[in-house]
Amino acid sequence: MIASKFLQIIGFDVICNEIILSIQGAQPVRIHSGCNFFKNLHNFLFFFVSFPSNKKRMFKYIFICLFLLSIFQIFRISSFAICLKYLPQYWIILHSYSSYLFFYPCALIMWYHFSSKTNVINQKS
């Protein structure tokens, strides 16, 4: 529903119900509940849990990562509808590699920021 609102805001005439999203005149996108970043959430969050850090900082980054991945899921679903409207011949490619375009860059940037800052856990010199 949020992806349909986003597409409407940027000027598309959208048809939407619970699991179907379509731009007027294009093939619909069927949104599967298992086809999102939650399916592979352990891949994104395991780094934060396994990297030495204090719990407050770890949970802060986990929350930020979940929020950003949710936002990118909206962009991902919207890009599917736009692809089916204007570039349907590339649907298979976009769908197959969309995780690499949307989720992995976000997670890698978060991991970089998490690991690059000074991270002291009661270390005594």
Side-chain angles (χ1 to χ4, degrees):
M1 296 303 244
I2 298 171
S4 70
K5 296 295 180 196
F6 172 72
L7 288 170
Q8 289 172 348
I9 288 170
I10 61 173
F12 289 101
D13 188 16
V14 178
I15 301 167
C16 181
N17 69 20
E18 292 178 13
I19 61 169
I20 304 293
L21 175 66
S22 178
I23 295 175
Q24 189 69 35
Q27 283 183 286
V29 176
R30 183 168 183 216
I31 303 161
H32 295 278
S33 62
C35 188
N36 57 36
F37 69 89
F38 285 114
K39 180 179 172 184
N40 297 311
L41 189 58
H42 63 282
N43 293 336
F44 300 114
L45 300 183
F46 187 71
F47 178 82
F48 297 120
V49 174
S50 63
F51 196 84
S53 178
N54 64 48
K55 295 215 183 280
K56 182 180 176 184
R57 186 166 183 263
M58 177 187 72
F59 285 118
K60 174 185 153 187
Y61 272 85
I62 287 173
F63 176 75
I64 292 169
C65 190
L66 287 172
F67 176 76
L68 289 175
L69 290 174
S70 298
I71 297 296
F72 282 107
Q73 177 69 2
I74 295 166
F75 293 139
R76 178 177 176 245
I77 292 170
S78 299
S79 73
F80 289 163
I82 292 169
C83 176
L84 286 173
K85 173 71 175 175
Y86 298 107
L87 302 165
Q89 66 273 23
Y90 296 110
W91 163 250
I92 300 285
I93 295 169
L94 179 64
H95 187 259
S96 299
Y97 295 104
S98 64
S99 293
Y100 301 108
L101 295 171
F102 292 99
F103 301 141
Y104 287 104
C106 175
L108 289 172
I109 289 168
M110 291 297 298
W111 292 347
Y112 172 77
H113 286 290
F114 184 72
S115 64
S116 67
K117 296 191 180 192
T118 304
N119 192 13
V120 178
I121 307 174
N122 299 328
Q123 291 180 349
K124 295 180 182 178
S125 301

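Model, not experiment: these values are computed from the prediction. These numbers come from the heavy atoms of this one structure, side chains and all, not from hydrogens, waters or symmetry mates. Index from 1, following the sequence.
- The structure places OG of S99 at 8.5 Å from CD of Q73, a figure rounded to the nearest 0.5 Å.
- When side chains are defined from C-beta on, L21 counts as touching I31, because their heavy atoms get closer than 4.5 Å.
- Between F80 and H95, the ring planes lie tilted relative to each other; the angle falls in the 30° to 60° range.
- Cluster annotation: I71 and L69 are assigned to the same hydrophobic cluster (Ile/Leu/Val/Met/Phe/Trp/Tyr, side-chain heavy-atom contacts under 4.5 Å, transitive).
- Contact check for F72 versus P105: no side-chain heavy atoms found under the 4.5 Å cut-off.
- Cluster membership check: L7 shares its hydrophobic cluster with Y86, using side-chain heavy-atom separations under 4.5 Å among Ile, Leu, Val, Met, Phe, Trp and Tyr.
- With contacts defined as side-chain heavy-atom distances shorter than 4.5 Å, the pair F6/I2 does not qualify.
- Taking CD1 of I23 as the start and CG of D13 as the end, the distance is 9.5 Å to the nearest 0.5 Å.
- Figure legend: cation-pi geometry between R57 and F114, with NZ or CZ positioned under 6.0 Å from the six-membered ring centre and within 45° of its axis.
- For S78, there are no side chain to side chain donor-acceptor pair (under 3.5 Å) partners at least two apart in sequence or on another chain.
- One distance of note links CZ of F102 with CD1 of I74; it measures 12.0 Å at 0.5 Å rounding.
- Between L94 and L101, some side-chain heavy-atom pair lies under the 4.5 Å cut-off.
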Can you check side-chain contact (heavy atoms from CB on, under 4.5 Å) on Q24 and F12, steps first, answer last? CA-CA 8 Å; Q24 189 69 35; F12 289 101; over 6 Å; no
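- I64 contributes atom CD1, which lies 5.0 Å from atom CE of M110 (distance to the nearest 0.5 angstrom).
- When hydrophobic clusters are built by joining Ile, Leu, Val, Met, Phe, Trp and Tyr residues whose side-chain heavy atoms come closer than 4.5 Å, directly or via intermediates, I109 is not grouped with F67.
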Using residues 45-52 as the side-chain source, report each donor-acceptor pair under 3.5 Å to any protein atom, sequence neighbours left out, with the distance given to one decimal.
from : atom 1 : to  : atom 2 : distance (Å)
S50  : OG     : F46 : O      : 2.9
S50  : OG     : F47 : O      : 3.4

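- Here S22 contributes atom OG and L84 contributes atom CG; the two are 8.0 Å apart, rounded to the nearest 0.5 Å.
- Taken together through direct or relayed side-chain contacts under 4.5 Å among Ile, Leu, Val, Met, Phe, Trp and Tyr, I82 and I15 form parts of separate hydrophobic clusters.
- Distance check: S98 OG to F75 CZ gives 14.5 Å after rounding to the nearest 0.5 Å.
- Scored by the side chain to side chain contact (heavy atoms under 4.5 Å, CB included) test, I93 finds Y90, Y97 as partners (sequence neighbours excluded).
- Side-chain contact between M1 and C16 is present, with at least one heavy-atom pair separated by less than 4.5 Å.
- Considering all non-hydrogen atoms of both residues, F103 and R76 come closest at CZ-CD, 3.6 Å.
- The number of heavy atoms from other shown groups lying within 6.0 Å of CG (L108) is above 12.
- A single hydrophobic cluster is not seen to contain both Y112 and L68; linkage of ILVMFWY side chains at heavy-atom distances under 4.5 Å, directly or through other members, places them apart.
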